[in-house]
Amino acid sequence: MKKIAILTSGGDAPGMNCAIRSVVRVASNNNIEVTGVGYGYQGLIEKDFKKIGPRDVSNIISRGGTILKTARSEDFFKKDIRKKSYENLVTECIEALVVIGGNGSYKGALSLHNDFNLPVVGIPGTIDNDINGTQRTLGFDTALNTAMDAIDKVKDTATSMDRIFLIEVMGRDSGSIAVYASLAGGAEDVIIPQEDKDVGQIIEKIKEARSKGKRSWIIIIAEGAGGADLFAHRFKKFMSDIRITVIGHTQRGGAASVFDRFLGAVMGKEAVDALLRNEKASAIGWLDDRAYSYPLQEAVKPKKEDFTYLLELIKMLT
Ligand code: F6P
């Protein structure tokens, strides 16, 4: 293999740059040239190509976002447009594609492989931690740290003023950020799409706790459960003095955490290794403390997460 391309697609995630750096340098060590594609699949369609060498990725390890830029391309779902993208790769003698992104980006890579037999490999880059076959995705740990920091700060004011706060975290349909951030931030309750919660019962719990001297209460709400506004409306039927904080896109920014930098490095290497092993459509995962490659076909299936243990623990620690 002499030449590969790399792109980042969908929502950016801290650690994407670390993975790009690793892919470029590991490829270079194996005498493989790397073409960077701008703006995800849109750049494949528009031939936004640029050669990136080992020195072009200097000092990006500590930068948030993605140096390649990213986008969500609706056009890429059309087969004739995908064909044009494939032809653009062929014209440049590019033999394989590394895609860093989430579930939608993986589906794009799989269609490119299925339609034209192009070797592809996916690196899970999304703060949502919702890709099947991997315990961790790039960006999740950093996003969690950002969410935890926000929860700590809200807690200071909630405690000082004996208030109840609803804090909305990102995560699309996944409850991962909500559950892990609740545990790490010492939240009193968490509402995720995977579990029905009765607002009336939460209010009863708060009232009971207040009668015993616990005055403030933090409830984390996953955006996929309906978001803080919806729940504020429900809570306010029982209790009017409630405040809302939406952490929002801060969870996507910032320098990657130690773990995400580490993950970027090892997953980038594993991605190049998978191509060198002649694998045709793989995804890179993190399982039992190591990076491994597995079929992309598996990775695009919905991830089933069982949060029972952690949810019980959050209750126990309240
Ligand atoms: O998938 C990453 C993510 O940040 C989700 O958590 C969130 O639902 C979505 O992207 C937001 O997308 P956008 O930045 O396009 O509004």
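Since we're looking at a predicted model, the values are computed, not measured. For ligands, and for the atoms within them, numbers begin at 1 and follow the listed sequence.
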| Greater than 12 external heavy atoms within 6.0 Å of K47's NZ |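 More than 12 within 6.0 Å, yes.
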
[atom]: nearest protein contact (heavy atom, Å):
atom: atom 16 (O) of ligand 1; result: H249 NE2, 3.5 Å
atom: atom 8 (O) of ligand 1; result: E223 OE2, 2.4 Å
atom: atom 13 (P) of ligand 1; result: R72 NH2, 3.6 Å
atom: atom 9 (C) of ligand 1; result: R172 NH2, 3.6 Å
atom: atom 1 (O) of ligand 1; result: D128 OD2, 2.7 Å
atom: atom 11 (C) of ligand 1; result: R252 NH1, 3.6 Å

Please answer whether the main-chain N or O of [Y] pairs with a side-chain N or O of [X] as donor and acceptor at a distance below 3.5 Å.
X: S111; Y: K107; answer: yes
X: D198; Y: G200; answer: yes
X: D149; Y: N145; answer: no

| Is it the case that R234 places NZ or CZ above or below the six-membered ring of F231, under 6.0 angstrom from the centre and within 45 degrees of the axis? |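 That pair qualifies as a cation-pi contact.
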
| Closer than 4.0 angstrom: is that true for some heavy atom of Q251 and an atom of ligand 1? | no

| request: Return yes when G102 approaches ligand 1 closer than 4.0 angstrom through a heavy atom, no otherwise. | output: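 In this structure, G102 fails to qualify as a contact of ligand 1 - no heavy atom is under 4.0 Å.
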
| query | Under 3.5 Å between some N or O of ligand 1 and some N or O of M170? | reply | no

| CE on M161 to CG on D241, rounded to 0.5 Å | 8.0 Å

| field | hydrophobic_cluster_shared for V24 and L68, side chain cutoff 4.5 Å | value | yes

| said: I'd like to check which ligand 1 atoms, numbered from 1 as shown, lie under 4.0 Å from a non-hydrogen atom of G171. | reply: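 Going through ligand 1 atom by atom, the ones under 4.0 Å from G171 are 6 (O).
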
